[in-house]
*Asks:* 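Before anything else, here's the structure in question.
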Number of protein chains: 2
Amino acid sequence: MSKNDELASEKCFCPMESILGIIGRKWALLILCEIATSTKRFGQLQKSLQGISPKTLSSRLQELEQVRIISKTVYPEVPPRVEYSLTPQGESLKTIILSLDEWGREHLSDTEISRE
Amino acid sequence: MSKNDELASEKCFCPMESILGIIGRKWALLILCEIATSTKRFGQLQKSLQGISPKTLSSRLQELEQVRIISKTVYPEVPPRVEYSLTPQGESLKTIILSLDEWGREHLSDTEISRE
DNA sequence: CGGGATCCTTAAGGATACTG
DNA sequence: CAGTATCCTTAAGGATCCCG
């Protein structure tokens with residue numbers, strides 16, 4: 001089975017749709033972006049990502065953690081401290097994301113996207 | 001500027017968000033999947049993608065065409081015939097999508113995704 | 001045949017208040 | 001501080017009908 005056929009086969013996109021279902025959601029990439037720089041706390045993320053609601057941030061973080069792109073560390077202190085960082089798997093995904101980014105720069109620079 | 005910093009910089013994801021805004025939408029990948037196999041007509045796509053509405057299919061095709069991932073050829077015949085195929089740019093995107101797919105297979109195989 | 005126009009439903013996300 | 005709970009708005013997509 002060639003690479004070509006692989007893309008075209010029925011279920012070829014299922015794992016892909018799963019990832020896209022995660023990183024394609026609002027704020028997900030920006031969150032990833034922040035955490036990729038360095039470990040971040042909830043409050044830090046909220047501050048950096050101007051406009052995100054705590055509900056959304058919380059959801060995104062949980063989703064990213066679920067698929068092991070990021071990991072969460074809770075320090076049993078008062079006040080509570082929680083840190084989010086990239087997992088090795090997250091690092092490997094980053095590479096792919098960067099190539100997508102590059103593709104975008106090469107091919108979408110002049111393209112405006114309108115809908116419906 | 002290292003690859004690492006590139007990912008983390010403010011606007012690094014903008015082109016990326018643009019692509020995700022396209023290929024992350026419902027049916028987009030499956031459509032791409034179909035067309036990647038071979039040139040397809042509107043009706044063929046409708047048949048293959050069981051459950052897609054003509055409105056949605058039409059939107060997705062327009063979006064993919066706008067960013068030059070696919071190209072549309074209209075044959076001035078009666079009844080009308082329209083064919084969609086991958087552009088060279090679409091082919092290059094396919095490669096990246098396949099690596100995303102691979103990432104998913106390696107890292108998400110056992111992961112179930114739940115929300116909210 | 002290849003869509004566009006219309007109407008409707010649902011789910012994602014925003015805003016805000018509250019709590020261990 | 002790090003979230004959760006609640007309410008509300010919006011936009012994406014489904015279903016259907018119709019037309020060149």
*Asks:* To the nearest 0.5 Å, tell me how far Leu108(B) CG sits from Gln66(A) CD.
*Replies:* 11.0 Å
*Asks:* If you measure from CD1 on Ile52(A) to CG on Leu30(A), what distance do you get to the nearest 0.5 Å?
*Replies:* 8.5 Å
*Asks:* List every contact pair, protein side and nucleotides 14-18 of chain D side both N or O, where the distance is under 3.5 Å.
*Replies:*
unit_1: dG14(D); atom_1: OP1; unit_2: Lys26(B); atom_2: NZ; d: 3.2
unit_1: dG14(D); atom_1: OP1; unit_2: Trp27(B); atom_2: NE1; d: 3.0
unit_1: dG14(D); atom_1: OP2; unit_2: Thr56(B); atom_2: OG1; d: 2.7
unit_1: dG14(D); atom_1: O6; unit_2: Lys55(B); atom_2: NZ; d: 2.5

*Asks:* For a 4.5 angstrom cut-off between non-hydrogen side-chain atoms, does Leu100(B) reach Ile96(B)?
*Replies:* no
*Asks:* Grab the CD1-P distance between Ile31(B) and dG2(C) for me, whole Å please.
*Replies:* 14 Å
*Asks:* Hey, can you pull the residues of residues 40-50 of chain B with a non-hydrogen atom under 4.0 angstrom from DNA chain C?
*Replies:* Arg41(B), Phe42(B), Gly43(B)
*Asks:* Keeping to residues at least two apart or across chains, list the ring-ring contact (aromatic ring centres under 6.0 Å, His included) pairs with something in residues 78-106 of chain A.
*Replies:* Trp103(A)-His107(A)
*Asks:* Can you name the residues that form a side chain to side chain donor-acceptor pair (under 3.5 Å) with Ser53(A), not counting sequence neighbours?
*Replies:* Thr56(A)
*Asks:* Does dG13(C) have its OP1 or OP2 closer than 4.0 Å to a side-chain nitrogen or oxygen of Arg60(A)?
*Replies:* yes
*Asks:* In sequence, state the C-alpha distance, the side-chain angles, and the governing distance for Leu61(B) and Leu57(B), and then conclude on side-chain contact (heavy atoms from CB on, under 4.5 Å).
*Replies:* CA-CA 6 Å; Leu61(B) 288 172; Leu57(B) 178 53; 3.8 Å; yes
*Asks:* Is any NZ, NE, NH1 or NH2 atom of the basic residue among Arg105(B) and Glu102(B) found under 4.0 Å from an Asp or Glu carboxylate oxygen of the other?
*Replies:* no
*Asks:* What integer distance in Å separates Leu57(B):CG from dG13(D):P?
*Replies:* 12 Å
*Asks:* To 10°, what angle do the rotation axes through the five end pairs on each side of the helix from dC1(C)-dG20(D) to dG20(C)-dC1(D) form?
*Replies:* 50°
*Asks:* Near DNA chain C, which residues from residues 70-77 of chain B have a heavy atom under 4.0 Å away?
*Replies:* Lys72(B)
*Asks:* Working to the nearest 0.5 angstrom, can you tell me the gap between Leu86(B) CG and Lys40(B) NZ?
*Replies:* 10.0 Å
*Asks:* Applying side chain to side chain donor-acceptor pair (under 3.5 Å), name anything that partners Ser99(B), two or more places apart in sequence or on another chain.
*Replies:* none
*Asks:* Please tabulate, for side-chain N and O atoms in residues 43-50 of chain A, each donor-acceptor pair with protein atoms closer than 3.5 Å (sequence neighbours left out).
*Replies:*
unit_1: Gln44(A); atom_1: OE1; unit_2: Arg41(A); atom_2: N; d: 2.8
unit_1: Ser48(A); atom_1: OG; unit_2: Gln44(A); atom_2: O; d: 2.8

*Asks:* Provide the closest heavy-atom pair for Arg25(A) versus Glu63(A) in the form atom of the first, atom of the second, distance.
*Replies:* NH1-OE2, 2.9 Å
*Asks:* Hey, can you pull the residues of residues 78-85 of chain A with a non-hydrogen atom under 4.0 angstrom from DNA chain D?
*Replies:* Pro79(A), Pro80(A), Arg81(A), Val82(A), Tyr84(A)
*Asks:* Test Ile31(B) against Ile35(B) for side-chain contact (heavy atoms from CB on, under 4.5 Å), laying out the working first.
*Replies:* CA-CA 6 Å; Ile31(B) 292 170; Ile35(B) 298 179; 3.8 Å; yes
*Asks:* Table please: side-chain donor-acceptor pairs of residues 69-79 of chain B below 3.5 Å, with sequence neighbours left out.
*Replies:*
unit_1: Ser71(B); atom_1: OG; unit_2: Ser85(B); atom_2: OG; d: 3.3
unit_1: Tyr75(B); atom_1: OH; unit_2: Glu83(B); atom_2: OE1; d: 3.4
unit_1: Glu77(B); atom_1: OE1; unit_2: Arg81(B); atom_2: NE; d: 3.4
unit_1: Glu77(B); atom_1: OE2; unit_2: Arg81(B); atom_2: NH2; d: 3.1

*Asks:* Only counting residues at least two apart or in another chain, list the ones meeting ring-ring contact (aromatic ring centres under 6.0 Å, His included) with Trp27(A).
*Replies:* none
*Asks:* Are OP1 or OP2 of dG3(D) and a side-chain N or O of Gln62(A) less than 4.0 angstrom apart?
*Replies:* no
*Asks:* Rounded to the nearest 0.5 Å, how far apart are CG of Leu32(A) and CZ of Arg60(A)?
*Replies:* 12.5 Å
